[in-house]
Amino acid sequence: MPPHQPSARSQLASAERHARKGRIADALQAYRAVLTRYPGNRHAREGVQVLAAKAAAPALGHYRSGRYREALQVAAAALATDPDNLPLLEVLAASHRHLGQPQGAVPVYDRLIALSDRVAFHVAKAAALHEAGQPGAAVPLLEAALTRVPQDRTGGMTLARCRLAMGHPRRALHAIEAVLAGDPEDAGALALQGEILLTLGDLPQARAALAASLRDNTADASPLATLAQLARATGDRAEATRLLRQALTLQPQTPALHRNLSMVHDYCVGDPHIAQMRALLPKVTGEDGQSQIHFALFNAFDRLDNHATAMTHLDQANAARRRFLRYDPARDTALLPWLRDLSVPPGPTGPKGAPTPIFVTGLPRSGTTLTETLLARHTGATPAGELPVVNARLAPLLRRLQAENRSTLGEEETAELAAQLRDDLAQNAGGRAAVIDKMPLNFRYVQLIAGLLPDARFIHLSRQPMANGWSLLRHCFGSLGNGFAYDAEDIARFMALERAHMEAIAPRLGTRLLRLRYEDLVQDPLAWARRMADHCGLPEAPGRDPAARAILTASTEQVRQPVSLHRNAGWKPYAPWLQPLAKALENTGLGAQEGVNDPSQIGPPHI
């Protein structure tokens with residue numbers, strides 16, 4: 001005979017007594033016992049909601065005050081005794097994201113979904129995946145959520161951002177247009193539409209969308225920041241400066257705005273912006289924000305030729321950025337040999353009319369933008385910038401191969417992946433005969449891409465190690481994928497891995513790979529432009545001013561200036577502080593090979 005169970009009424013009375021005496025955990029247990037038997041009981045459901053909110057109040061107070069680390073700690077401690085508390089779980093997940101730990105938020109959202117299958121939790125999980133650099137994993141969740149609630153604005157906005165991050169700007173535009181169909185004056189959606197149109201190179205429509213987003217929007221600085229990016233990308237530093245100053249009047253404590261301003265502003269001794277940033281620095285929480293302010297202060301003092309102060313801030317910027325990204329050198333050390341050992345059956349020939357893929361690779365800051373700009377002189381080629389499509393397509397496949405302990409792609413896998421890559425590249429080709437993808441770190445996948453796309457052509461850049469290393473150290477990359485760039489030893493190690501990788505795969509690619517040095521390129525850019533065009537099968541028909549287009553990478557200003565080798569000596573004023581970099585390069589053998597002590601050495605073209 002089953003044991004006697006107390007009535008729902010007596011359990012509710014017991015829960016209320018516990019609650020009056022402050023025994024919140026016991027009260028919640030009693031209310032949930034009722035809900036287990038009677039899921040629709042209104043009194044029990046309301047009791048749980050009230051008590052759960054009361055239990056979450058301390059953590060929520062920290063969160064709303066911007067004390068995210070404290071919020072996370074308090075929420076985690078409270079969940080130890082109340083693991084099903086929805087408000088606590090929401091605070092925990094949101095705190096992870098604010099602290100730059102989106103991967104930690106994902107299992108929390110899984111728990112929330114298991115407890116309450118709300119569309120909002122699915123959308124939040126997708127947003128966390130996007131922030132963690134996994135937009136491909138987020139898209140199916142968002143598409144399913146929008147099937148359930150098509151008008152969900154947050155879901156639509158997040159879907160547009162994920163598609164943009166995957167290198168699918170036209171699909172992103174479709175997603176944001178669906179949001180705008182519900183509210184054509186949605187300022188946030190208009191701002192994102194402007195960002196997408198800028199990526200597509202439609203500058204007039206991008207400006208129009210961004211201007212529309214500002215009509216009734218007096219608090220959000222993001223449209224101004226995107227307009228400033230557009231101005232800088234087209235060479236208008238003065239307009240970029242004006243827009244960023246205006247943005248900072250709205251959001252003076254946003255580190256990224258200060259860093260962006262530092263890249264276009266001409267500083268003077270006693271400049272008020274320096275004082276503003278110094279005053280802000282102690283108030284900035286989080287290593288990402290700290291690093292951005294220190295990078296901005298480095299830029300300011302670098303322009304003033306105050307090298308000692310500049311270097312103090314640069315050291316702190318790189319240390320904070322490295323901590324934020326949690327870069328693990330062992331992953332790259334293991335990845336590149338594994339990629340070289342992968343076996344790929346020959347991919348199918350591209351369909352008639354498909355654009356020829358041209359991949360420009362190398363370390364970041366090695367001359368890839370200059371190379372793309374020279375190739376862009378030819379009207380048959382579309383300069384698509386740094387497309388994320390290769391990594392977005394390959395990363396899930398590579399994870400699956402590793403999980404299955406496989407080193408060979410099947411023929412069906414190869415055909416499907418090749419078709420996806422061709423479709424992604426065609427979306428960015430603008431109807432032209434060739435499309436240039438200059439994502440530098442695609443060098444890791446060159447052998448794999450060559451197997452998938454038999455008509456692809458490759459140009460790989462290298463640069464003198466000290467010059468390249470210094471250019472990496474002084475730059476704060478917007479993406480999360482260059483974690484090696486914030487430490488001298490990491491840079492030297494990664495540079496050595498890159499050189500060894502390319503030496504190993506170059507014979508396998510034969511004439512499909514053109515290797516050249518930045519130093520040779522800048523000595524005779526037009527001669528190399530012709531040689532690169534011949535290598536890629538582009539007709540000798542230059543028809544565009546390569547500097548007239550919007551350039552959205554970090555080299556936007558350099559490629560508008562006269563080509564010169566003097567940039568290779570940019571590290572010399574900082575030589576007293578760069579001994580760790582010089583020593584690290586020497587320890588890898590790169591310094592002795594390529595003139596750490598004399599960056600003016602230039603050898604013959606390396607083809």
Side-chain angles (χ1 to χ4, degrees), residues 127 130-131 135 153-154 156-177 179-180 183-265 288-289 292 295-296 384-388 428 476-480 548-557 560:
H130 172 228
E131 292 161 10
R153 176 187 182 275
T154 304
M157 295 276 286
T158 307
L159 179 61
R161 291 191 182 97
C162 287
R163 286 177 171 171
L164 186 61
M166 293 178 69
H168 303 157
R170 297 197 182 280
R171 292 174 185 165
L173 189 61
H174 177 75
I176 204 63
E177 285 172 347
V179 175
L180 287 166
D183 181 2
E185 297 182 359
D186 184 323
L190 285 166
L192 183 52
Q193 182 187 45
E195 183 180 342
I196 296 166
L197 290 165
L198 175 58
T199 302
L200 286 166
D202 190 343
L203 305 192
Q205 290 299 317
R207 285 192 183 95
L210 292 164
S213 76
L214 289 168
R215 284 181 195 142
D216 299 314
N217 178 11
T218 59
D220 184 9
S222 62
L224 291 166
T226 306
L227 282 168
Q229 181 188 13
L230 192 159
R232 183 171 182 246
T234 53
D236 192 343
R237 285 169 54 95
E239 177 65 1
T241 300
R242 184 190 70 79
L243 289 163
L244 287 166
R245 286 191 179 283
Q246 186 179 347
L248 280 167
T249 62
L250 298 177
Q251 294 176 211
Q253 295 190 329
T254 302
L257 292 176
H258 289 283
R259 184 175 65 83
N260 290 342
L261 178 59
S262 75
M263 293 188 288
V264 294
H265 179 49
D288 182 30
Q292 297 213 44
F295 271 115
E386 297 180 358
L387 294 176
N428 291 276
C476 179
F477 292 91
S479 71
L480 303 181
R549 64 191 178 96
I551 299 172
L552 301 176
T553 63
S555 302
T556 180
E557 293 177 13
R560 301 181 193 283

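Throughout, residue positions are numbered sequentially from 1 according to the sequence presented.
Side-chain contact between L261 and T241 is present, with at least one heavy-atom pair separated by less than 4.5 Å. Side-chain atoms of L164 and I176, non-hydrogen and from C-beta on, never get closer than 4.5 Å to each other. Contact annotation: the side chain of R245 approaches that of H265 to within less than 4.5 Å [non-hydrogen atoms, C-beta and beyond].
Atoms SG and CG, from C476 and N260 in turn, are 9.5 Å apart once rounded to the nearest 0.5 Å. Rounding to the nearest 0.5 angstrom, the gap separating the CG atom in L227 from the CG atom in L243 is 5.5 Å. From L387, atom CG reaches atom OG1 of T199 across 10.0 Å, with rounding to the nearest 0.5 Å. The CD atom of E131 lies 8.5 Å from the OG1 atom of T158; values are rounded to the nearest 0.5 Å. Distance CZ/R207 to CG/D202: 10.5 Å, rounded to 0.5 Å. For the atom pair CG (L198) and CG (L203), the distance works out to 6.5 Å, reported to the nearest 0.5 Å.
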**Prompt:** Could you walk me through whether L192 and V179 pass the side-chain contact (heavy atoms from CB on, under 4.5 Å) check?
**Reply:** CA-CA 11 Å; L192 183 52; V179 175; over 6 Å; no
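In plain terms, the two heavy atoms of A256 and Q292 that are nearest each other are CA-OE1, 3.2 Å. Here the closest heavy-atom approach between residue L248 and residue T254 is recorded as CD2-O, 4.4 Å. Across A191 and S222, no two heavy atoms sit closer than the pair CB-OG, 4.5 Å. The two atoms that bring C162 and P135 nearest to each other are O-CB, 3.7 Å, heavy atoms only. The shortest non-hydrogen separation linking Q193 to A209 is OE1-CB, 3.6 Å. Residues R237 and V264 approach most closely at NH2-O, 2.8 Å, considering heavy atoms.
In this structure a side-chain-to-backbone donor-acceptor pair under 3.5 Å is missing from R163 to H168. Put simply, the side chain of N428 gets close to the backbone of G167: a donor and an acceptor are under 3.5 Å apart. The closest donor-acceptor contact from the side chain of Q251 to the backbone of A221 lies under 3.5 Å. Under the 3.5 Å distance criterion, the side-chain polar atoms of H258 are matched with a main-chain donor or acceptor of P252.
Side-chain contact, T234 with D236: no donor N or O sits under 3.5 Å from an acceptor N or O.
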